[in-house]
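The structure under discussion appears below in the form of structure tokens.
Heavy atoms only: backbone and side chains are in, while hydrogens, waters and symmetry mates are out.
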Amino acid sequence: INDYGGKDTQDILTGLDEALKRYDFLDQTRMAVSGLSYGGFMTNWIITKTNRFKAAISEGGVSNWVSIYGTGDVDPGMTNEDLPDKNDIASLWAISPLKYVDKIDTPILMIHAEDDHRVPIEQSEQLYTYVKSQGKEARLVLFPNSSHLLLQIGDPDKKVARLEEMVNWLKRYV
């Protein structure tokens, strides 16, 4: 709360470093990062901060806190608690992965449900467009007639297709 991309990023990277120290079967040259919803935001964010990962998979992730504030269906109470500077565009932009898109070198697969009202599709479309415009590797896969809960309540054929996309991406880059 009130520190998106701050201590949470530190926690993830510190945990990863500790796991790499403790477990010699982990290969730091073949790591990927993935997340859904808030985890999608963290995936988008963390690849603007480090090039440690060979691939990224972001699902339903925020890339632009300025535009999602007016388009997502998140309860305003939660938004007010999590993002107290919601009326300050500069503060929202500062925690938006899109602001740092020029730092992304990690190939990124973005998976998004077309009927996602929690994190509207424009969030992945924006990031995809800017990553591709820089000549970097990105893929955007959209699932029609699906919501933010694609993983939990999506059609079985879409769940399988989602997993196949993820596995193929990891085979290609990791």
Side-chain angles (χ1 to χ4, degrees), residues 1-20 26 28 30-69 71-75 78-79 81-83 92 94-101 103-128 130-131 137-143 146-154 158-170 173-174:
I1 294 174
N2 195 21
D3 191 23
Y4 278 27
K7 289 185 178 91
D8 45 5
T9 302
Q10 292 171 4
D11 284 349
I12 291 167
L13 294 176
T14 300
L16 175 60
D17 288 339
E18 186 62 29
L20 289 167
L26 297 177
Q28 67 182 351
R30 299 181 65 222
M31 296 187 306
V33 61
S34 178
L36 172 89
S37 195
Y38 179 78
F41 158 72
M42 283 305 302
T43 297
N44 295 341
W45 179 259
I46 209 163
I47 64 172
T48 71
K49 304 303 175 200
T50 182
N51 292 323
R52 295 176 69 174
F53 303 100
K54 296 297 179 192
I57 302 171
S58 172
E59 298 183 80
V62 173
S63 67
N64 183 344
W65 287 105
V66 175
S67 64
I68 196 173
Y69 182 69
T71 60
D73 76 351
V74 174
D75 170 42
M78 184 196 123
T79 305
E81 182 179 318
D82 287 0
L83 303 170
L92 293 174
I95 60 169
S96 296
L98 191 61
K99 177 180 180 179
Y100 310 99
V101 69
K103 306 282 189 225
I104 294 176
D105 291 317
T106 306
I108 180 169
L109 168 64
M110 287 166 263
I111 296 173
H112 219 108
E114 288 184 353
D115 297 331
D116 188 340
H117 299 292
R118 178 75 18 97
V119 178
I121 195 172
E122 53 94 16
Q123 292 293 309
S124 287
E125 290 172 332
Q126 287 182 63
L127 191 61
Y128 172 79
Y130 281 98
V131 171
E137 190 61 35
R139 177 170 166 75
L140 177 59
V141 177
L142 306 175
F143 285 93
S146 298
S147 75
H148 194 68
L149 300 176
L150 170 65
L151 180 60
Q152 292 86 1
I153 62 172
K158 290 177 183 157
K159 289 180 179 181
V160 169
R162 170 188 164 270
L163 290 173
E164 287 173 344
E165 287 286 346
M166 295 170 78
V167 167
N168 289 337
W169 192 257
L170 294 174
Y173 290 102
V174 180

Given Thr9 and Asp11, is the side-chain contact (heavy atoms from CB on, under 4.5 Å) satisfied, shown in steps?
CA-CA 5 Å; Thr9 302; Asp11 284 349; over 6 Å; no

How many angstroms lie between atom [atom1] of [X] and atom [atom2] of [Y], to the nearest 0.5 angstrom?
X	Y	atom1	atom2	value
Trp169	Glu137	CH2	CD	4.5 Å
Asp17	Arg52	CG	CZ	4.0 Å
Ile46	Lys49	CD1	NZ	10.5 Å
Tyr173	Thr106	OH	OG1	11.0 Å
Phe143	Ile111	CZ	CD1	6.0 Å
Ser146	Ile153	OG	CD1	9.0 Å

Check step by step if side-chain contact (heavy atoms from CB on, under 4.5 Å) holds for Ser58 and Asn44.
CA-CA 7 Å; Ser58 172; Asn44 295 341; 2.9 Å; yes

Main-chain N/O of [Y] paired with [X] side-chain donor or acceptor, under 3.5 Å:
X	Y	result
Asp116	Pro120	no
Trp65	Ser96	no
Asn168	Glu165	no
Asp8	Gly6	yes
Arg118	His148	no
Ser124	His112	no

Does the side chain of His117 pick up a donor-acceptor pair with the side chain of Ser147 at under 3.5 Å?
no

Under 3.5 Å side-chain donor-acceptor pair for Ser37 and Glu59
no

Can you name the nearest heavy-atom pair linking [X] to [Y], along with the distance?
X	Y	answer
Ala56	Ile47	CB-CG2, 3.9 Å
Ala19	Leu26	O-CD1, 3.5 Å
Ala138	Tyr128	O-CE1, 3.6 Å
Ala94	Lys99	CA-CD, 4.1 Å

Do Val174 and Met31 come close enough that some side-chain heavy atom pair is under 4.5 Å?
no

Check: Thr48 and Val101 side chains under 4.5 Å, non-hydrogen atoms:
no

Heavy-atom neighbours of Lys159 NZ exceed 12 at 6.0 Å
yes

Neighbour count above 12 (heavy atom, 6.0 Å) for Glu114 CD
yes

Over 60° means perpendicular and under 30° means parallel, so tell me whether Tyr38 and Tyr4 are parallel, tilted or perpendicular.
perpendicular

Flag the pair Trp45 / Tyr100 as yes when their ring centroid distance falls below 6.0 Å, and as no otherwise.
yes

Please evaluate residues Ile108 and Met110 with respect to the criterion side-chain contact (heavy atoms from CB on, under 4.5 Å), reporting the C-alpha separation (whole Å), side-chain torsions for both, the decisive distance (0.1 Å), and the verdict.
CA-CA 6 Å; Ile108 180 169; Met110 287 166 263; 3.8 Å; yes

Test Val62 against Asn64 for side-chain contact (heavy atoms from CB on, under 4.5 Å), laying out the working first.
CA-CA 6 Å; Val62 173; Asn64 183 344; 5.7 Å; no

